[in-house]
**Q** 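Please see the structure below; I have some questions.
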Amino acid sequence: MKITVVGAGNVGATCADVLAYREVANEIVLVDIKEGFAEGKALDIWQKAPIDLYDSRTIGTTNDYSKSANSDVVVITSGLPRKPGMSRDDLINTNAGIVKSVTENVVKYSPNAIIIVVSNPLDVMTYQAHLTSKMPRTRVMGMAGILDTARYRAFLAEALNISPKDIQAMLLGGHGDTMVPLPRYTTVAGIPVTELIDKDKLNAILERTKVGGGELVKLMGTSAWYAPGSAAAQMVEAIVKDQRRIFPVCIKLEGEYGINDCYLGVPVVLGKNGVEKVIELDLNADEKVLMEASRKAVREVMDVLDKLG
Ligand code: LMR
């Protein structure tokens with residue numbers, strides 16, 4: 001198995017590191033436009049192999065996509081991260097062109113790859129990669145839901161003083177402030193979360209989750225990378241090992257949830273063909289309103305991309 005991670009910045013390098021450490025593939029290629037950067041990060045990860053005892057080979061290249069040829073899965077992390085005061089959508093002008101040209105190179109050398117987009121604004125960059133790649137929607141997806149649910153689960157674990165391992169959660173919608181966490185589908189070792197925490201505390205956690213990325217940007221002056229990198233690696237692992245795991249993933253909706261032609265996070269089964277199945281939850285009236293608000297917000301930014309051409 002061969003995996004390529006494009007963008008050797010914080011998120012891309014973390015993703016490659018997790019993939020190597022977990023031995024998800026025997027060959028991991030890291031690509032970056034900055035001279036020597038990907039080579040250095042890949043070498044550093046490789047030099048950690050004798051310490052952490054893995055044998056995945058990591059190779060770096062400065063924009064030579066021929067080294068990524070015939071990858072099974074490609075993760076696109078390229079583009080600028082946001083700075084304090086910016087929304088993810090503010091990145092569209094810069095990142096759309098970057099994701100377009102990266103996708104062209106990816107498809108040229110790995111026409112059968114499954115593509116996972118991590119660049120922001122996430123849902124619209126998934127749209128960009130899907131448009132450019134001309135691949136079936138099941139092979140071009142965005143990573144956000146695993147990250148957003150992880151934040152939600154981490155906050156809950158802290159509030160309940162329990163292990164995050166026992167918290168299961170689902171979330172829908174765009175990767176922005178209109179994301180739709182679903183308390184009705186949140187359980188702690190099988191117990192509905194609503195039986196363990198009072199409404200106000202839970203609402204505060206839901207609100208904090210929605211702006212979870214922004215909280216970190218404020219603290220660090222740039223975007224997060226450990227959880228985003230690990231989340232992307234978890235999607236790669238599910239595909240490469242054909243695990244058929246259920247995760248919230250951004251995909252083009254074609255009628256599911258009554259929505260057409262919009263890229264949004266929904267629960268899917270991830271396996272060797274990419275998105276094996278989109279799961280449709282029976283949303284209640286309130287959840288439908290929130291999903292519609294999220295659709296509108298993403299559609300507006302998709303329209304900006306359409307105008308950019
Ligand atoms: C995140 O949620 O951490 C990423 O989308 C990066 C960001 O700017 O918030």
Side-chain angles (χ1 to χ4, degrees), residues 11 14 81-82 84-89 118 120-123 142-232 234-235 245-250 257 264-268 279-298:
V11 177
T14 302
R82 57 177 164 151
M86 290 172 84
S87 88
R88 295 181 183 95
D89 298 343
V118 182
N120 272 319
L122 187 276
D123 311 280
M143 186 297 294
I146 296 181
L147 171 63
D148 295 326
T149 46
R151 287 182 175 142
Y152 174 42
R153 291 158 69 198
F155 297 150
L156 276 173
E158 206 178 348
L160 296 170
N161 194 20
I162 53 150
S163 165
K165 287 181 187 167
D166 290 326
I167 301 177
Q168 291 286 326
M170 188 43 70
L171 181 144
L172 302 173
H175 182 51
D177 302 352
T178 60
M179 70 180 74
V180 188
L182 297 171
R184 209 157 61 86
Y185 291 96
T186 308
T187 57
V188 182
I191 307 161
V193 73
T194 42
E195 291 181 19
L196 299 174
I197 190 164
D198 70 55
K199 220 174 162 190
D200 290 348
K201 264 195 188 159
L202 182 57
N203 280 339
I205 286 174
L206 294 172
E207 292 311 311
R208 188 177 174 196
T209 302
K210 289 183 191 173
V211 293
E215 179 181 355
L216 290 163
V217 173
K218 245 188 232 158
L219 287 168
M220 304 192 293
T222 188
S223 293
W225 59 89
Y226 293 115
S230 268
Q234 191 169 50
M235 287 174 70
R245 293 200 64 184
I246 298 177
F247 293 126
V249 162
C250 174
Y257 295 89
L264 287 169
V266 289
V268 307
I279 297 173
E280 272 194 86
L281 303 174
D282 189 13
L283 301 185
N284 64 28
D286 291 346
E287 291 158 352
K288 279 184 187 157
V289 169
L290 295 174
M291 187 66 163
E292 174 54 17
S294 203
R295 185 202 66 79
K296 262 195 178 156
V298 171

**Q** Which pairs with one or both residues in residues 208-219 pass side-chain hydrogen bond (donor to acceptor under 3.5 Å, both in side chains), sequence neighbours excluded?
**A**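 Sorted result for residues 208-219: Glu207-Lys210, Arg208-Glu215.
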**Q** Measuring from atom CZ of Phe247 to atom CD1 of Ile279, what distance do you get when rounded to the nearest 0.5 angstrom?
**A**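 The CZ atom of Phe247 sits 11.5 Å away from the CD1 atom of Ile279.
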**Q** Drop me the distance from Thr149's OG1 to Met179's CE, to the nearest 0.5 angstrom.
**A**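 These two atoms lie 10.0 Å from each other.
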**Q** Minimum heavy-atom separation for Gly221 and Pro84, please, with both atom names.
**A** O-CD, 3.4 Å
**Q** Among pairs that include at least one residue of residues 170-183, which meet side-chain hydrogen bond (donor to acceptor under 3.5 Å, both in side chains), considering only residues two or more places apart or in two chains?
**A**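 Checked against side-chain hydrogen bond (donor to acceptor under 3.5 Å, both in side chains) - neighbours excluded - the pairs reaching residues 170-183 are Arg88-His175, Asp148-His175, Thr178-Ser294.
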**Q** Could you go through residues 188-202 and list every donor-acceptor pair under 3.5 Å that involves a side-chain atom there, pairing it with any protein atom two or more places apart or in another chain?
**A**
| unit_1 | atom_1 | unit_2 | atom_2 | d |
| --- | --- | --- | --- | --- |
| Asp198 | OD1 | Asp200 | N | 3.2 |
| Asp198 | OD1 | Lys201 | N | 3.0 |

**Q** Scan for salt bridge (Lys or Arg N to Asp or Glu O under 4.0 Å) pairs involving residues 220-232, sequence neighbours excluded, and state none if there are none.
**A**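 Qualifying pairs: none.
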**Q** Evaluate Met291 against Leu182 for side chain to side chain contact (heavy atoms under 4.5 Å, CB included), listing each step before the verdict.
**A** CA-CA 11 Å; Met291 187 66 163; Leu182 297 171; over 6 Å; no
**Q** Can you sort out the partners of Gln168 under side chain to side chain donor-acceptor pair (under 3.5 Å), two or more places apart, ordered by chain and number?
**A** none
**Q** What are the two closest non-hydrogen atoms of Met170 and Pro248, and how far apart are they?
**A** SD-CB, 3.8 Å
**Q** What heavy-atom pair brings Cys250 and Asp123 nearest, and what distance separates the two atoms?
**A** SG-OD1, 3.4 Å
**Q** Any side-chain heavy atom of Leu283 within less than 4.5 Å of one from Val180?
**A**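 A side-chain contact is absent here, since even the closest heavy-atom pair is not under 4.5 Å.
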**Q** Which heavy atom of Tyr257 sits nearest a heavy atom of Leu281, and at what distance?
**A** OH-N, 2.9 Å
**Q** Let me check something: any side-chain donor-acceptor pairs from residues 151-164 under 3.5 Å, sequence neighbours excluded? List them with distances.
**A**
| unit_1 | atom_1 | unit_2 | atom_2 | d |
| --- | --- | --- | --- | --- |
| Tyr152 | OH | Thr186 | OG1 | 2.8 |
| Arg153 | NE | Ile167 | O | 2.7 |
| Arg153 | NH2 | Ile167 | O | 3.3 |
| Ser163 | OG | Lys165 | N | 2.9 |

**Q** Where do Met235 and Ile146 land on the side chain to side chain contact (heavy atoms under 4.5 Å, CB included) test, with the steps shown first?
**A** CA-CA 9 Å; Met235 287 174 70; Ile146 296 181; 3.4 Å; yes
**Q** Ser230: which residues meet the side-chain contact (heavy atoms from CB on, under 4.5 Å) condition with it, sequence neighbours left out?
**A** Val18
**Q** List for me each residue that meets salt bridge (charged side-chain N to carboxylate O under 4.0 Å, His left out) alongside Glu292, sequence neighbours excluded, and say none if there are none.
**A**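 Once residues adjacent in sequence are excluded, the partners of Glu292 under the salt bridge (charged side-chain N to carboxylate O under 4.0 Å, His left out) criterion are Arg295.
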**Q** Of all heavy-atom pairs between Gly173 and Leu264, which one has the smallest distance, and what is that distance?
**A** C-CD2, 3.8 Å
**Q** Quick check: closest heavy atoms across Asp89 and Pro121, and the distance to 0.1 Å?
**A**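 Distance-wise, the nearest heavy atoms are OD1-CB, 3.5 Å.
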**Q** Does the pair Leu171 and Tyr185 meet the rule for a side chain to side chain contact (heavy atoms under 4.5 Å, CB included), with working shown?
**A** CA-CA 8 Å; Leu171 181 144; Tyr185 291 96; over 6 Å; no
**Q** Can you list every pair that meets salt bridge (Lys or Arg N to Asp or Glu O under 4.0 Å) and has a residue in residues 179-188, with sequence neighbours left out?
**A** Arg184-Glu287
**Q** Just to verify, what does Arg245 make a side chain to side chain donor-acceptor pair (under 3.5 Å) with, not counting sequence neighbours?
**A**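 Partners of Arg245 under the side chain to side chain donor-acceptor pair (under 3.5 Å) test: none.
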**Q** Under 4.5 Å between any side-chain heavy atoms of Pro228 and Thr14, yes or no?
**A** no
